[in-house]
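The structure under discussion appears below in the form of C-alpha coordinates.
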Amino acid sequence: YIKRNDSEVIIVSVHVDDMAIYASNSELITQTENELEKAFEISRLGDIKQLLGMEIQRDRDAKTLKLTQTQYIIKILHAAGMENCNAVATPMDPHVKLQKLPENVTHPEIKTKYQSLVGGLMYAAISTRPDIAYPVQNLSQFSSNPGPEHLTAVKRVYRYLKGTIDLGIIYSGENTSDIKLYSDADWANNLDDRRSVSGYVSLLSGGATTWSSKKQPTVALSSMEAEYMALANTSRENIWIRQLFTEIGELPSSPTPIFVDNQGTIEYTANAGFHARSKHIDIRHHFIRDSIASHEAVIHHCASDENTADIFTKPLARDKHQYLVGKLGMDRV
(Lines give C-alpha, C1' and ligand atoms only; values in the text may rest on other atoms or scores of the structure.)
Protein backbone atom coordinates (compact mmCIF):
# COMPACT_ATOMS: atom_id res chain seq x y z
CA TYR A 1 0.00 0.00 0.00
CA ILE A 2 1.47 3.32 -1.10
CA LYS A 3 0.67 6.90 -0.16
CA ARG A 4 2.44 9.92 -1.57
CA ASN A 5 2.19 13.53 -0.44
CA ASP A 6 4.40 15.99 -2.30
CA SER A 7 7.93 14.73 -1.65
CA GLU A 8 6.93 12.33 1.15
CA VAL A 9 6.06 8.69 0.69
CA ILE A 10 4.70 5.94 2.95
CA ILE A 11 4.81 2.28 1.91
CA VAL A 12 3.15 -0.46 3.95
CA SER A 13 3.97 -4.01 2.86
CA VAL A 14 1.75 -6.76 4.23
CA HIS A 15 2.13 -10.53 4.12
CA VAL A 16 -0.69 -12.26 6.03
CA ASP A 17 -0.16 -10.88 9.57
CA ASP A 18 3.37 -9.56 9.07
CA MET A 19 3.71 -5.89 8.23
CA ALA A 20 6.58 -3.52 7.48
CA ILE A 21 6.31 0.26 7.17
CA TYR A 22 8.72 2.35 5.10
CA ALA A 23 8.52 6.14 5.00
CA SER A 24 10.47 9.28 4.22
CA ASN A 25 11.02 9.94 7.95
CA SER A 26 10.37 8.36 11.33
CA GLU A 27 7.52 10.77 12.16
CA LEU A 28 5.52 9.41 9.23
CA ILE A 29 6.05 5.86 10.46
CA THR A 30 4.75 6.76 13.92
CA GLN A 31 1.80 8.57 12.39
CA THR A 32 0.96 5.55 10.23
CA GLU A 33 1.17 3.22 13.23
CA ASN A 34 -1.19 5.49 15.17
CA GLU A 35 -3.74 5.45 12.34
CA LEU A 36 -3.50 1.68 11.91
CA GLU A 37 -3.92 1.14 15.65
CA LYS A 38 -7.29 2.89 15.53
CA ALA A 39 -8.63 0.13 13.27
CA PHE A 40 -6.51 -2.92 14.09
CA GLU A 41 -4.71 -4.53 16.99
CA ILE A 42 -1.03 -4.22 16.15
CA SER A 43 2.30 -4.85 17.88
CA ARG A 44 4.94 -2.15 17.56
CA LEU A 45 8.25 -3.94 17.27
CA GLY A 46 10.47 -0.97 16.50
CA ASP A 47 13.14 -0.99 13.79
CA ILE A 48 12.80 -3.99 11.53
CA LYS A 49 15.14 -6.85 12.42
CA GLN A 50 13.47 -9.83 10.78
CA LEU A 51 10.75 -10.33 8.17
CA LEU A 52 9.48 -13.61 6.71
CA GLY A 53 12.59 -15.48 7.81
CA MET A 54 14.97 -12.84 6.44
CA GLU A 55 17.29 -11.05 8.86
CA ILE A 56 17.74 -7.33 8.23
CA GLN A 57 20.70 -5.38 9.56
CA ARG A 58 20.85 -1.63 9.07
CA ASP A 59 23.99 0.43 9.63
CA ARG A 60 22.98 4.09 9.49
CA ASP A 61 26.55 5.35 9.81
CA ALA A 62 27.78 3.23 6.90
CA LYS A 63 24.48 3.67 5.04
CA THR A 64 24.11 -0.04 4.36
CA LEU A 65 21.29 -2.55 4.56
CA LYS A 66 22.13 -6.26 4.82
CA LEU A 67 19.80 -9.18 4.11
CA THR A 68 20.72 -12.64 5.38
CA GLN A 69 19.02 -15.93 6.28
CA THR A 70 21.51 -17.31 8.76
CA GLN A 71 18.91 -18.73 11.14
CA TYR A 72 16.93 -20.31 8.32
CA ILE A 73 20.05 -21.98 6.93
CA ILE A 74 20.97 -23.29 10.39
CA LYS A 75 17.45 -24.71 10.60
CA ILE A 76 17.56 -26.58 7.28
CA LEU A 77 21.09 -27.85 7.95
CA HIS A 78 19.86 -29.28 11.25
CA ALA A 79 16.75 -30.78 9.61
CA ALA A 80 18.98 -32.45 7.03
CA GLY A 81 21.33 -33.78 9.71
CA MET A 82 24.19 -31.85 8.12
CA GLU A 83 24.95 -29.25 10.77
CA ASN A 84 28.42 -30.75 11.21
CA CYS A 85 29.21 -31.44 7.54
CA ASN A 86 32.41 -30.36 5.83
CA ALA A 87 32.12 -27.11 3.85
CA VAL A 88 32.90 -26.69 0.14
CA ALA A 89 33.66 -23.54 -1.86
CA THR A 90 31.07 -23.95 -4.65
CA PRO A 91 27.48 -25.25 -4.63
CA MET A 92 27.95 -27.51 -7.69
CA ASP A 93 30.86 -29.36 -9.26
CA PRO A 94 31.37 -27.90 -12.77
CA HIS A 95 32.79 -31.25 -13.94
CA VAL A 96 29.62 -33.22 -13.05
CA LYS A 97 26.75 -33.35 -15.56
CA LEU A 98 23.57 -34.78 -14.04
CA GLN A 99 21.09 -36.74 -16.15
CA LYS A 100 17.72 -38.34 -15.55
CA LEU A 101 17.73 -42.02 -14.61
CA PRO A 102 16.27 -44.62 -17.01
CA GLU A 103 12.58 -45.26 -16.30
CA ASN A 104 13.30 -48.81 -15.13
CA VAL A 105 15.78 -47.58 -12.49
CA THR A 106 14.29 -46.18 -9.28
CA HIS A 107 15.50 -45.49 -5.77
CA PRO A 108 12.35 -45.05 -3.62
CA GLU A 109 14.45 -44.91 -0.45
CA ILE A 110 16.13 -41.74 -1.79
CA LYS A 111 13.12 -39.93 -3.28
CA THR A 112 11.51 -38.54 -0.10
CA LYS A 113 14.85 -37.46 1.36
CA TYR A 114 15.86 -35.79 -1.91
CA GLN A 115 12.59 -33.90 -2.30
CA SER A 116 12.83 -32.66 1.28
CA LEU A 117 16.39 -31.43 0.79
CA VAL A 118 15.57 -29.60 -2.46
CA GLY A 119 12.45 -28.09 -0.91
CA GLY A 120 14.46 -26.72 1.99
CA LEU A 121 16.73 -24.83 -0.40
CA MET A 122 14.00 -23.10 -2.41
CA TYR A 123 13.10 -20.31 0.00
CA ALA A 124 16.72 -19.29 0.47
CA ALA A 125 17.28 -19.35 -3.31
CA ILE A 126 14.46 -16.87 -3.98
CA SER A 127 14.96 -14.62 -0.95
CA THR A 128 18.59 -13.79 -0.13
CA ARG A 129 20.79 -16.44 -1.76
CA PRO A 130 20.96 -15.86 -5.52
CA ASP A 131 24.25 -17.79 -5.50
CA ILE A 132 22.29 -21.08 -5.20
CA ALA A 133 19.49 -20.20 -7.66
CA TYR A 134 20.98 -22.26 -10.50
CA PRO A 135 21.71 -25.38 -8.41
CA VAL A 136 18.17 -25.38 -7.00
CA GLN A 137 16.65 -24.95 -10.48
CA ASN A 138 18.83 -27.72 -11.87
CA LEU A 139 18.34 -30.20 -9.03
CA SER A 140 14.56 -29.67 -8.95
CA GLN A 141 14.30 -31.35 -12.35
CA PHE A 142 15.27 -34.72 -10.87
CA SER A 143 12.80 -34.75 -7.95
CA SER A 144 10.49 -37.34 -9.52
CA ASN A 145 13.19 -40.01 -9.75
CA PRO A 146 16.50 -39.10 -8.09
CA GLY A 147 19.47 -41.41 -7.78
CA PRO A 148 22.54 -41.52 -5.52
CA GLU A 149 24.44 -39.04 -7.73
CA HIS A 150 21.57 -36.54 -7.46
CA LEU A 151 21.48 -36.92 -3.67
CA THR A 152 25.23 -36.30 -3.52
CA ALA A 153 24.75 -33.14 -5.61
CA VAL A 154 22.02 -31.68 -3.40
CA LYS A 155 24.05 -32.46 -0.28
CA ARG A 156 26.90 -30.48 -1.83
CA VAL A 157 24.67 -27.38 -1.88
CA TYR A 158 24.09 -27.84 1.85
CA ARG A 159 27.83 -28.20 2.39
CA TYR A 160 28.29 -24.94 0.47
CA LEU A 161 25.71 -23.22 2.68
CA LYS A 162 27.53 -24.54 5.75
CA GLY A 163 30.66 -22.68 4.64
CA THR A 164 28.78 -19.51 3.66
CA ILE A 165 26.16 -19.47 6.40
CA ASP A 166 26.64 -15.77 7.10
CA LEU A 167 26.72 -14.66 3.46
CA GLY A 168 24.14 -11.98 2.60
CA ILE A 169 23.27 -9.22 0.16
CA ILE A 170 24.49 -5.74 1.08
CA TYR A 171 22.83 -2.62 -0.33
CA SER A 172 24.63 0.69 -0.04
CA GLY A 173 23.08 4.12 0.33
CA GLU A 174 26.25 5.58 -1.16
CA ASN A 175 25.75 3.60 -4.38
CA THR A 176 22.37 4.76 -5.65
CA SER A 177 22.87 4.55 -9.39
CA ASP A 178 19.92 3.50 -11.52
CA ILE A 179 19.02 -0.15 -11.84
CA LYS A 180 20.77 -2.32 -14.44
CA LEU A 181 20.24 -5.87 -15.61
CA TYR A 182 22.48 -8.68 -16.86
CA SER A 183 21.19 -11.43 -19.14
CA ASP A 184 22.83 -14.72 -20.11
CA ALA A 185 22.11 -18.21 -21.42
CA ASP A 186 23.94 -21.52 -21.53
CA TRP A 187 23.17 -23.14 -24.86
CA ALA A 188 21.97 -26.79 -24.93
CA ASN A 189 22.83 -27.14 -21.26
CA ASN A 190 20.50 -30.03 -20.51
CA LEU A 191 21.83 -33.44 -21.63
CA ASP A 192 18.36 -35.01 -21.53
CA ASP A 193 16.42 -32.64 -23.78
CA ARG A 194 19.10 -30.16 -24.95
CA ARG A 195 17.17 -27.15 -23.75
CA SER A 196 19.16 -24.10 -22.72
CA VAL A 197 19.08 -22.25 -19.40
CA SER A 198 18.21 -18.55 -19.14
CA GLY A 199 19.47 -16.35 -16.34
CA TYR A 200 19.10 -12.72 -15.37
CA VAL A 201 19.79 -10.48 -12.42
CA SER A 202 18.87 -6.87 -11.65
CA LEU A 203 21.23 -4.78 -9.54
CA LEU A 204 20.44 -1.67 -7.52
CA SER A 205 22.43 0.11 -4.81
CA GLY A 206 25.25 -2.36 -5.22
CA GLY A 207 23.21 -5.53 -4.64
CA ALA A 208 21.03 -8.05 -6.44
CA THR A 209 17.32 -7.22 -6.22
CA THR A 210 15.65 -9.79 -8.50
CA TRP A 211 17.08 -12.82 -10.25
CA SER A 212 16.06 -15.91 -12.17
CA SER A 213 17.48 -19.21 -13.38
CA LYS A 214 15.08 -21.05 -15.66
CA LYS A 215 15.15 -23.72 -18.34
CA GLN A 216 13.91 -22.41 -21.68
CA PRO A 217 10.56 -23.76 -22.98
CA THR A 218 11.90 -24.73 -26.42
CA VAL A 219 15.15 -26.01 -27.91
CA ALA A 220 17.39 -23.25 -29.24
CA LEU A 221 19.21 -24.04 -32.48
CA SER A 222 22.15 -21.72 -31.79
CA SER A 223 23.81 -19.86 -28.95
CA MET A 224 22.50 -16.60 -30.42
CA GLU A 225 18.94 -17.91 -30.30
CA ALA A 226 19.37 -19.08 -26.69
CA GLU A 227 20.75 -15.67 -25.68
CA TYR A 228 17.92 -13.92 -27.54
CA MET A 229 15.26 -15.91 -25.69
CA ALA A 230 17.01 -15.17 -22.40
CA LEU A 231 17.08 -11.48 -23.29
CA ALA A 232 13.32 -11.51 -23.93
CA ASN A 233 12.80 -12.95 -20.46
CA THR A 234 15.06 -10.28 -18.97
CA SER A 235 13.15 -7.59 -20.83
CA ARG A 236 9.86 -8.70 -19.27
CA GLU A 237 11.45 -8.44 -15.84
CA ASN A 238 12.63 -4.94 -16.70
CA ILE A 239 9.08 -3.88 -17.58
CA TRP A 240 7.83 -5.12 -14.22
CA ILE A 241 10.62 -3.32 -12.34
CA ARG A 242 9.93 -0.04 -14.16
CA GLN A 243 6.21 -0.36 -13.40
CA LEU A 244 7.03 -0.95 -9.72
CA PHE A 245 9.26 2.13 -9.60
CA THR A 246 6.55 4.18 -11.32
CA GLU A 247 3.96 2.97 -8.81
CA ILE A 248 6.01 4.22 -5.86
CA GLY A 249 6.58 7.54 -7.60
CA GLU A 250 10.13 6.97 -8.87
CA LEU A 251 9.58 7.07 -12.62
CA PRO A 252 12.79 5.92 -14.40
CA SER A 253 14.26 8.85 -16.32
CA SER A 254 16.17 6.84 -18.92
CA PRO A 255 16.12 3.42 -20.62
CA THR A 256 17.30 0.57 -18.41
CA PRO A 257 20.71 -0.78 -19.47
CA ILE A 258 20.69 -4.54 -20.10
CA PHE A 259 24.09 -6.20 -20.52
CA VAL A 260 24.64 -9.31 -22.66
CA ASP A 261 27.84 -11.01 -23.79
CA ASN A 262 26.71 -12.18 -27.24
CA GLN A 263 27.34 -9.68 -30.03
CA GLY A 264 25.14 -11.60 -32.47
CA THR A 265 22.19 -11.26 -30.13
CA ILE A 266 22.65 -7.50 -29.94
CA GLU A 267 22.81 -7.22 -33.72
CA TYR A 268 19.72 -9.37 -34.17
CA THR A 269 17.83 -7.32 -31.57
CA ALA A 270 18.56 -4.16 -33.54
CA ASN A 271 17.53 -5.75 -36.85
CA ALA A 272 13.76 -5.98 -37.23
CA GLY A 273 13.97 -8.09 -40.38
CA PHE A 274 13.56 -11.87 -40.49
CA HIS A 275 15.71 -14.32 -42.37
CA ALA A 276 15.95 -18.06 -42.84
CA ARG A 277 18.15 -18.60 -39.77
CA SER A 278 15.75 -16.91 -37.34
CA LYS A 279 12.21 -16.93 -38.78
CA HIS A 280 11.34 -20.00 -36.68
CA ILE A 281 11.83 -18.13 -33.38
CA ASP A 282 8.56 -17.83 -31.48
CA ILE A 283 6.99 -14.39 -31.84
CA ARG A 284 6.83 -13.91 -28.05
CA HIS A 285 10.61 -13.77 -27.91
CA HIS A 286 10.62 -10.62 -30.06
CA PHE A 287 9.20 -8.71 -27.10
CA ILE A 288 12.61 -7.13 -26.53
CA ARG A 289 12.35 -5.10 -29.74
CA ASP A 290 9.24 -3.31 -28.45
CA SER A 291 11.09 -2.45 -25.24
CA ILE A 292 13.93 -0.89 -27.19
CA ALA A 293 11.59 1.00 -29.52
CA SER A 294 9.68 2.44 -26.53
CA HIS A 295 12.96 3.47 -24.82
CA GLU A 296 12.37 1.19 -21.86
CA ALA A 297 15.64 -0.66 -22.38
CA VAL A 298 18.96 -0.26 -24.13
CA ILE A 299 21.24 -3.22 -24.85
CA HIS A 300 24.97 -3.10 -24.09
CA HIS A 301 27.71 -5.62 -24.72
CA CYS A 302 29.85 -6.88 -21.83
CA ALA A 303 32.69 -9.36 -21.68
CA SER A 304 31.68 -12.91 -20.80
CA ASP A 305 33.87 -12.83 -17.69
CA GLU A 306 32.01 -9.74 -16.47
CA ASN A 307 28.48 -11.03 -17.10
CA THR A 308 27.01 -11.35 -13.62
CA ALA A 309 24.12 -13.48 -14.92
CA ASP A 310 26.57 -16.27 -15.80
CA ILE A 311 26.17 -17.63 -12.27
CA PHE A 312 22.51 -18.38 -13.04
CA THR A 313 23.16 -20.57 -16.09
CA LYS A 314 25.82 -23.13 -15.17
CA PRO A 315 28.12 -24.45 -12.42
CA LEU A 316 31.30 -22.40 -12.18
CA ALA A 317 34.84 -22.99 -10.98
CA ARG A 318 35.76 -21.65 -7.57
CA ASP A 319 37.46 -18.38 -8.62
CA LYS A 320 34.77 -17.43 -11.14
CA HIS A 321 31.98 -18.31 -8.71
CA GLN A 322 33.42 -16.24 -5.89
CA TYR A 323 34.05 -13.29 -8.22
CA LEU A 324 30.43 -13.23 -9.42
CA VAL A 325 29.11 -13.68 -5.88
CA GLY A 326 30.93 -10.45 -5.08
CA LYS A 327 29.38 -8.75 -8.11
CA LEU A 328 25.95 -9.72 -6.75
CA GLY A 329 26.73 -7.52 -3.75
CA MET A 330 27.09 -10.50 -1.43
CA ASP A 331 29.51 -10.50 1.47
CA ARG A 332 29.88 -11.98 4.93
CA VAL A 333 28.30 -10.14 7.81
Side-chain angles (χ1 to χ4, degrees), residues 1-69 123 126-128 130 168-182 200-212 234-258 290-298 328-330 333:
Y1 299 91
I2 302 166
K3 179 181 179 180
R4 293 194 66 87
N5 181 18
D6 297 327
S7 61
E8 297 178 332
V9 62
I10 304 169
I11 301 174
V12 180
S13 61
V14 182
H15 184 276
V16 191
D17 60 349
D18 286 321
M19 180 186 299
I21 303 174
Y22 312 86
S24 303
N25 55 66
S26 57
E27 289 76 13
L28 284 174
I29 293 179
T30 302
Q31 178 184 331
T32 304
E33 289 176 331
N34 293 338
E35 293 296 321
L36 287 170
E37 204 165 34
K38 293 178 182 178
F40 307 100
E41 181 180 343
I42 65 172
S43 299
R44 304 192 187 206
L45 303 178
D47 288 347
I48 190 167
K49 298 290 192 303
Q50 191 175 64
L51 182 67
L52 305 179
M54 296 180 288
E55 295 131 31
I56 303 165
Q57 301 175 45
R58 186 173 186 179
D59 188 330
R60 293 183 181 274
D61 293 332
K63 295 185 178 180
T64 60
L65 194 70
K66 303 176 184 178
L67 296 183
T68 60
Q69 280 181 290
Y123 188 55
I126 65 173
S127 299
T128 66
I169 307 174
I170 301 178
Y171 303 97
S172 171
E174 300 288 355
N175 183 8
T176 56
S177 58
D178 291 336
I179 200 160
K180 58 183 177 181
L181 289 98
Y182 288 84
Y200 69 71
V201 60
S202 62
L203 300 171
L204 181 66
S205 297
T209 52
T210 63
W211 53 85
S212 171
T234 306
S235 180
R236 288 193 289 270
E237 178 69 7
N238 175 50
I239 297 299
W240 177 82
I241 291 172
R242 292 175 69 90
Q243 289 175 343
L244 175 63
F245 273 57
T246 301
E247 186 177 346
I248 63 175
E250 297 294 334
L251 180 65
S253 58
S254 60
T256 306
I258 301 178
D290 289 338
S291 295
I292 295 173
S294 59
H295 303 291
E296 292 171 320
V298 58
L328 292 171
M330 304 185 72
V333 295

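Sequential numbering from 1 along the given sequence is applied to the chain's residues.
Nearest heavy atoms, Val201 versus Ala208: CG2-CB, 3.8 Å. Between Ile179 and Leu204, the closest heavy-atom pair is N-CD1, 3.8 Å. Shown here for Arg4 and Asp6, the closest heavy-atom pair between the two residues is NH2-O, 4.0 Å. Residues Leu328 and Ile169 approach most closely at O-CG2, 4.1 Å, considering heavy atoms. Of all non-hydrogen atoms in Arg242 and Thr256, the two that sit nearest each other are NH1-OG1, 2.9 Å. Nearest heavy atoms, Ala297 versus Ile258: CB-CD1, 3.8 Å.
Under a 3.5 Å cut-off, the side chain of Asn238 and the backbone N or O of Glu296 do form a donor-acceptor pair. Of the possible donor and acceptor atoms, none in the side chain of Tyr171 sits under 3.5 Å from a partner among the backbone N and O of Leu67. Between the side chain of Asn5 and the backbone N or O of Glu8, no donor-acceptor pair lies under 3.5 Å. Judged by distance alone, the side chain of Arg58 and the main-chain N or O of Lys66 form no donor-acceptor pair under 3.5 Å.
By the 4.5 Å heavy-atom criterion applied to side chains, Ser291 and Ile239 are counted as neighbours. Between Val298 and Ser254 the shortest side-chain heavy-atom distance does not fall below 4.5 Å. Residues Gln57 and Leu65 fail the side-chain proximity criterion, which asks for heavy atoms closer than 4.5 Å. For the pair Trp240/Thr210, a side-chain contact is recorded, criterion being any heavy-atom separation below 4.5 Å from C-beta on.
A salt bridge links Arg44 to Glu37: one of the charged nitrogens lies within less than 4.0 Å of a carboxylate oxygen.
By the side-chain contact (heavy atoms from CB on, under 4.5 Å) test, Ala62 pairs with Asp59, Thr64, sequence neighbours left out. Remark: Gln50 engages no residue in a side-chain hydrogen bond (donor to acceptor under 3.5 Å, both in side chains) (not counting sequence neighbours).
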Item to check | Check against side chain to side chain contact (heavy atoms under 4.5 Å, CB included), Ile2 and Glu247 | outcome: CA-CA 8 Å; Ile2 302 166; Glu247 186 177 346; 3.7 Å; yes

Next on the checklist: Before you tell me yes or no, could you show the steps for Met54 and Thr68 under side chain to side chain contact (heavy atoms under 4.5 Å, CB included), namely the whole-Å CA-CA distance, both residues' side-chain angles and the distance that decides it to 0.1 Å?
Outcome noted: CA-CA 6 Å; Met54 296 180 288; Thr68 60; over 6 Å; no

Next on the checklist: Pair Tyr1, Val14 - check side chain to side chain contact (heavy atoms under 4.5 Å, CB included), show working.
Outcome noted: CA-CA 8 Å; Tyr1 299 91; Val14 182; 4.1 Å; yes

Next on the checklist: Walk me through whether Asp47 and Arg60 qualify under side chain to side chain contact (heavy atoms under 4.5 Å, CB included).
Outcome noted: CA-CA 12 Å; Asp47 288 347; Arg60 293 183 181 274; 4.3 Å; yes

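Atoms OG and CD1, on Ser24 and Ile10 in that order, are 7.5 Å from each other to the nearest 0.5 Å. We find the CD1-CG distance between Ile42 and Leu45 to be 9.0 Å, quoted to the nearest 0.5 Å. Distance CG/Leu52 to OG1/Thr128: 12.0 Å, rounded to 0.5 Å. In this structure, OG in Ser13 is found 4.0 Å from OH in Tyr22, a value given to the nearest 0.5 Å. Atoms CD1 and OG1, from Ile11 and Thr32 in turn, are 11.0 Å apart once rounded to the nearest 0.5 Å. One distance of note links CG of Leu51 with CG of Asp18; it measures 6.0 Å at 0.5 Å rounding.
In the model, Ser202 has no side-chain atom that pairs as donor or acceptor with a side-chain atom of Glu237 under 3.5 Å. At a cut-off of 3.5 Å, with distance as the only test, no side-chain donor of Ser172 or Ser205 sits close to an acceptor on the other residue.
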